[in-house]
2 protein chains.
Amino acid sequence: MTAPTPGRKRPTISDVAQRAGVTKGAVSRALNSGTGVSSGTRERIRQAAVELGWSPSYAARALNGKALGTIGLVVRRSPEILDFDAFFASFLSGIESVLSGEEHATVIRFVPDAQTEATTYERLFEDRFVDGFLVTDLRVDDERPAMLHRMGAPAVVVGAPEGSSDFPTISNDSREAIRSLVHRFADTGHRRVAHVQGDPGMLHALQRRRHWEEALHDFGLEPGPVEYGGYTIEGGAQATERLLDRGERPTAVFYGSDLMAIGGYSVLGEAGLAIPGDVAVAGFDDITLASFASPPLTTVRSRHRELGSSAARILLDMLKGQEPPAVTRMTGELRLRSSAG
Amino acid sequence: MTAPTPGRKRPTISDVAQRAGVTKGAVSRALNSGTGVSSGTRERIRQAAVELGWSPSYAARALNGKALGTIGLVVRRSPEILDFDAFFASFLSGIESVLSGEEHATVIRFVPDAQTEATTYERLFEDRFVDGFLVTDLRVDDERPAMLHRMGAPAVVVGAPEGSSDFPTISNDSREAIRSLVHRFADTGHRRVAHVQGDPGMLHALQRRRHWEEALHDFGLEPGPVEYGGYTIEGGAQATERLLDRGERPTAVFYGSDLMAIGGYSVLGEAGLAIPGDVAVAGFDDITLASFASPPLTTVRSRHRELGSSAARILLDMLKGQEPPAVTRMTGELRLRSSAG
DNA sequence: GTGAAAGCGCTAACAA
DNA sequence: TTGTTAGCGCTTTCAC
């Protein structure tokens, strides 16, 4: 490694001021509010800034309590989910698609526990390292909305029940789609419909389960057995094994994610059970794999990317001072494929 | 929305100093280098800092040219790839798995063009918004390594040819795996092996093609036709159509990514061609879908997550002042499945 | 409309 | 070992 060149220092506001023949204060005013300077000097200052290739210092701005153009995403989960789970990569993709056009950056931090999570939000915001947050992956009794509200941090909450916090919410509502699915099950003679839930502490997992229960109830059916599958392929496989070990075998299973359903496929196959002949199967997410699986997997399509882009869009608007919509509703959609005729 | 509480201001170094009965300077020394203060006062200062719940201001630190504990990832691609491409989400997952244990955050920025890319790297670093970069997705004649070196920015380059820059490099070497694949093709009687390349401007795409060419040469075969598929399912499908429209049909196709191979599957199927009977197919990446496709897809497994974690690990070590290994070699691995007997 | 000056929270050189 | 001081680059109040 050869030694790097030290690099000429980049121009500061003082350089611009000097070149334009004014003081720092004038430059700051001209380039920010635009008021308090005559249009002539303002133009001269702008010109000087361009010639010098000046751009403001994030750090100095932050020290004065200004926004930096960054939004924070704090995730209390294993970083592996970026790789395995359908949600995060797509969600992030949606966020970035909005930010990339806006000169904004995303600050991402994966944290191991609730304590670190709380202090991370605090430091990130109180120091103006980020201007606001996108809050997702809500847990039961999640304290983040209240905490962020206390801090005065702008935020958009994704996937929370409507009206549950003081922040704008993007709701990911799959009630109808799940109802259609269960309707289908009921119509085709299923009486024992099981559910594999993702994670007992996660709100989205709970919501899917609730919708499944409600729909069964509406069609006069008892809820079948429930197992937890942790949203992974292996978890889905194990949950399916437990399901088969129980007394009466279910004739249909609604998995809380496609990945878990795929895990279920292999266990059902090994047990010599045909899909959908012996057991009908449905998933949630509609990942690419779903339509390629054999048999193609019936699932509830959820618009992860749109969730991300809407959330980002709304947060950005809030930061610009616009009044955000209290609720933005996103609805899931049933994709009937041969795994659940 | 009720008005948020303004929130008590958080403690500064002066508060700590006052409480410990010393000056700001002493606090700074005690909490950073640890030298220049007696162990007694140091302890008293630490104590005061804890009691006050003090934590340093990122902004003030950055203004003094200190490291913040952030690493930058600037990506000149459509944010959609996070959703569709196999690489990025996994790579990011690897990075986060290292950073989450180290109190570091990732700053991500997707940029549309080379110009924005360059200024983004500059501003991010010169303002000490990030301490260093992970450089990936190298293009032919990529100027980023030289530029970052000029700026004096610490960086780790992923997927560049060894010795091509002054930075530590993680090489993702699939030469042997691709050679084994071509060997297999040659052994099973294939004489006309086509290639669907991802993107002509990307170094990794070029490398895969080179390895394919070299291997064919070594086994006494001429390189078959090459089409570009842009690393997407649709692109792979279209490239396959063009391949079939040409004169002599290839008996085997090596796709530069699994996604493109899956796109090829559908076109071959529609053309009434059996896999591998009429056309043998192989991909690259080993995404989850590969083993679930029908027939299961032969592919070259590439360790995306490990690429990310190694790169992050090395960059963090550099930031701590350790001398990094010049090259870390990661090798691909052939996964033979029935699409290419 | 413009300049001067104070200060954001911190680091580091210099004195004492 | 400690305190004092001068900035880092910018915003913002206050005179003029």
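Only a predicted model underlies this, so the values are computations on that prediction, with no experimental measurement involved. So you know, we letter chains A, B, ... as the sequences are listed, proteins then strands, and number each from 1.
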Checklist entry - Are a donor atom and an acceptor atom from the side chains of A:Arg10 and A:Ser55 found within less than 3.5 Å of each other? => result yes
From CD of B:Gln18 across to C1' of D:dG3 the rounded distance in Å is 15 Å
Chi angles and distances behind the side chain to side chain contact (heavy atoms under 4.5 Å, CB included) call for B:Val74, B:Val111 | CA-CA 7 Å; B:Val74 179; B:Val111 295; 4.1 Å; yes
Does NZ or CZ of B:Arg123 lie under 6.0 Å from the centre of the six-membered ring of B:Tyr121, at an angle within 45° of the ring axis?
no
NA contact type, B:Gly40, heavy-atom cut-off 4.0 Å: base, sugar-phosphate, or nothing? nothing
- prompt: Should the ring pair B:Phe91 and B:Phe88 be called parallel, tilted or perpendicular, given that the plane angle runs from 0 to 90° and is split at 30 and 60?
  reply: perpendicular
note: B:Leu31, atom CG; C:dA12, atom P; distance rounded to Å ~ 13 Å
When rounded to whole Å, the CZ to P distance for the pair A:Arg44 and C:dG1 reads 14 Å
- [ ] Look at all strands and tell whether A:Thr23 reaches a base, only sugar-phosphate, or nothing, counting heavy atoms closer than 4.0 Å.
- [x] base
Could you give me the CA-CA distance, side-chain angles and deciding distance for B:Tyr58 and B:Phe129, then say whether ring pair (Phe, Tyr, Trp, His ring centres under 6.0 Å) is met? CA-CA 9 Å; B:Tyr58 294 120; B:Phe129 198 77; 9.3 Å; no
Going 5' to 3' through nucleotides 7-16 of chain D and flagging B where a protein heavy-atom sits under 4.0 Å of the base, S where only the sugar-phosphate is that close, and - otherwise, we get BBBBBB----
Going by the angle between their ring planes, with limits at 30° and 60°, are B:His149 and B:Phe167 parallel, tilted or perpendicular? perpendicular
